[in-house]
Amino acid sequence: MTRPHPLFPYANKWLDLQNTTASWNARLRELARQHHFQEALNLYCQMLASGDSPNAFTFPFAFKSCASLSLPLAGSQLHGHVIKTGCEPEPFVQTSLISMYCKCSTIACARKVFDENPHSRNLAVCYNALIAGYSLNSRFSDAVLLFRQMRKEGVSVNAVTMLGLIPVCTGPIHLGFGTSLHACGVRFGLDGDLSVGNCLLTMYVRCGSVDFARKLFDGMPEKGLITWNAMISGYAQYGLAGHVLSLYRKMEFTGIVPDPVTLVGVLSSCAHLGAHAAGREVEQRIELSGFGFNPFLKNALINMYARCGNLVKARAIFDGMLEKNVISWTAIIAGYGMHGQGELAVQLFDEMISSGELPDGAAFVSVLSACSHAGLTEKGLYYFTAMERDYGLQPGPEHYSCVVDLLGRAGRLEEARKLIGSMSVEPDGAVWGALLGACKIHRNVELAELAFEKVIEFEPTNIGYYVLLSNIYSEAGNMEGILRVRVMMRERKLKKEPGCSYVEYQGRIHLFLAGDRTHPQAQEIYRMLDGLEDIIKRRGGSNDNDQESRNEELITGMGVHSEKLAIAFGLINTGPGTEITVMKNLRVCGDCHLFLKLVSEIVDRQLVVRDATRFHHFKNGVCSCKDYW
DNA sequence: CTAGGGTTAG
């Protein structure tokens, strides 16, 4: 707004009336460029009210605003204005109109605009907009057909066509077509275009071919920030956390400055690895770069701290967030859940509901698994029914596996089996795996055999399940069963890698194998361990609860597992009040949780064991955390 | 004064 002139205080009003369409357009453009779409639409209404009529330069901004705000009704109203003003044939009006309908998921309208304007149908931009629209709405065959038509009509394909079309490839079944587009792009000389390269890279990731993505990445003569981000988040999505960290280091070495997108990927990998120190370094960098208010990063930080066992820090960040979303809530709930604080997790879930945040499928996974870990069986079952009844969310296999686990831990094995039978979706390996785990706890050999048979249909090479069954047989004294499992493993050439556990201490990773004596502090560690087991044994004698004393027998007799060593190491090296987080291969977990419970009662410290199933890259003894930077 | 596109958290 111009300031009033001292001699003509009413000049503003007069100027507004005299405003030409061009100056409205300029202001509209400015608002749209700054993503102030609501204001842009308001301005458009003001323009109409003032009697100025929109022209062909007005509509693109207005449509873009409708598209961004997802306002199909306003959009079609604007479409009426377009027709009234007669600027429908203008190519950029049409393109933005098509794009608007596509983004509002009213793609039939978009197609109608396209079909009804024969003279604009030969324009690449219109094809581009509609192809991109089909992509956006995951209409694979429509997009492909239109692309073929475009080439048949001799309309020249350009980079933007490719950028719109490549993202239709969203899964492994589209890999073939995606690869052909890659070749196509090369033929059109578009392979030098950074954006097209980035887009192809993402396509390979989404189609499940991270190796092709890496190959393309390595072959790109020029890489931009987005190229690095696409590769880093690609690795992060597949849980290849080690690759992420080494790529991040390489990126820094190249002199590319990371942005929030990069750091989100890196943080999620720190969370996977339980790399607390590395995660903290990233947090410092976030502060230094002024990204501290980015909600994506805040959520990623909550997740990282929660999974590294630093719940205090995770909670502090969570509480400090002004605008929490489902993801923030899910991250903190899952954090409490995985560290056995089910009561808190449930409390937070209820708080989320009353704050008006709508839970989604993942939020339910976090609260269901919290319930099962904390033994809150009834509460968990309540959430499971509420999920569909109150929120219209269809439970997926990931929910069923939580509930099977929930029932299984409570000893309700028959109900768990029935639940699997009644599933509306196909059960997956995790569902049967949960039942197998429950059979281990409650020593049900017969059901275990059934669950095992099913689970290896899905995951024939997952060694953890073979070990689990073998342990079930061994507890039942069934030597024949153990031998049968061994033969199966040998036939399938499965070799059990030694399970390992590790603790991060002063920026270094201290790794232990079962019975390990290679650690420099081995003597102290074993002395601590002997002392602990002594106390447990003595307690067992005085305990009148049968089940518990049997458990304690079991623990002291179970040999020197890797997590025992890791816990002892933590106890030796950290002071009172600190929390010890041990990373351990939980898939083959024996009775470590029980051991943990007993030890934490004895030493009055918080001990945490986290799943380290995917962390095979730490080899032999102590290695420096810095190696991964 | 113009339209179409690529990377982000649980």
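Per chain, numbering begins at 1; letters A, B, ... match sequence-line order.
Between B/dA3, B/dT7, B/dG6, one nucleotide has an atom nearer to the side chain of A/Ser233 than all others, and that is B/dT7.
Across all strands shown, A/Thr202 has heavy atoms under 4.0 Å from sugar-phosphate atoms exclusively, and none from any base. Across all strands, A/Lys324 comes closer than 4.0 Å to no nucleic acid atom at all (heavy-atom distances).
Straight-line distance from the CZ atom of A/Phe318 to the P atom of B/dG10: 16 Å, rounded to whole Å. As rounded to whole Å, 12 Å separates atom C1' of B/dG10 from atom CD of A/Glu357. Rounded to whole angstrom, the span from the CE atom of A/Met304 across to the P atom of B/dT8 amounts to 20 Å. Separating the CD1 atom of A/Ile131 from the P atom of B/dG6 is a distance of 14 Å, rounded to the nearest angstrom. Rounded to an integer number of Å, the gap from A/Ile327 CD1 to B/dA9 P is 8 Å.
When each of A/Val367, A/Val431, A/Leu368 is paired with A/Cys402, the side-chain contact (heavy atoms from CB on, under 4.5 Å) condition holds for A/Leu368 and for no other.
Between the side chain of A/Asn128 and the base of B/dG5, no donor-acceptor pair under 3.5 Å is found. At a cut-off of 3.5 angstrom, counting only N and O atoms as typed in the model, there is no donor on one side facing an acceptor on the other between the side-chain of A/Thr95 and the base of B/dG4.
Annotation: cation-pi geometry not satisfied between A/Lys64 and A/Phe37 (NZ/CZ under 6.0 angstrom from ring centroid, within 45° of ring axis).
Taking 4.0 angstrom as the limit, A/Ser99 places a side-chain polar atom (N or O) nearer than this to OP1 or OP2 of B/dG4.
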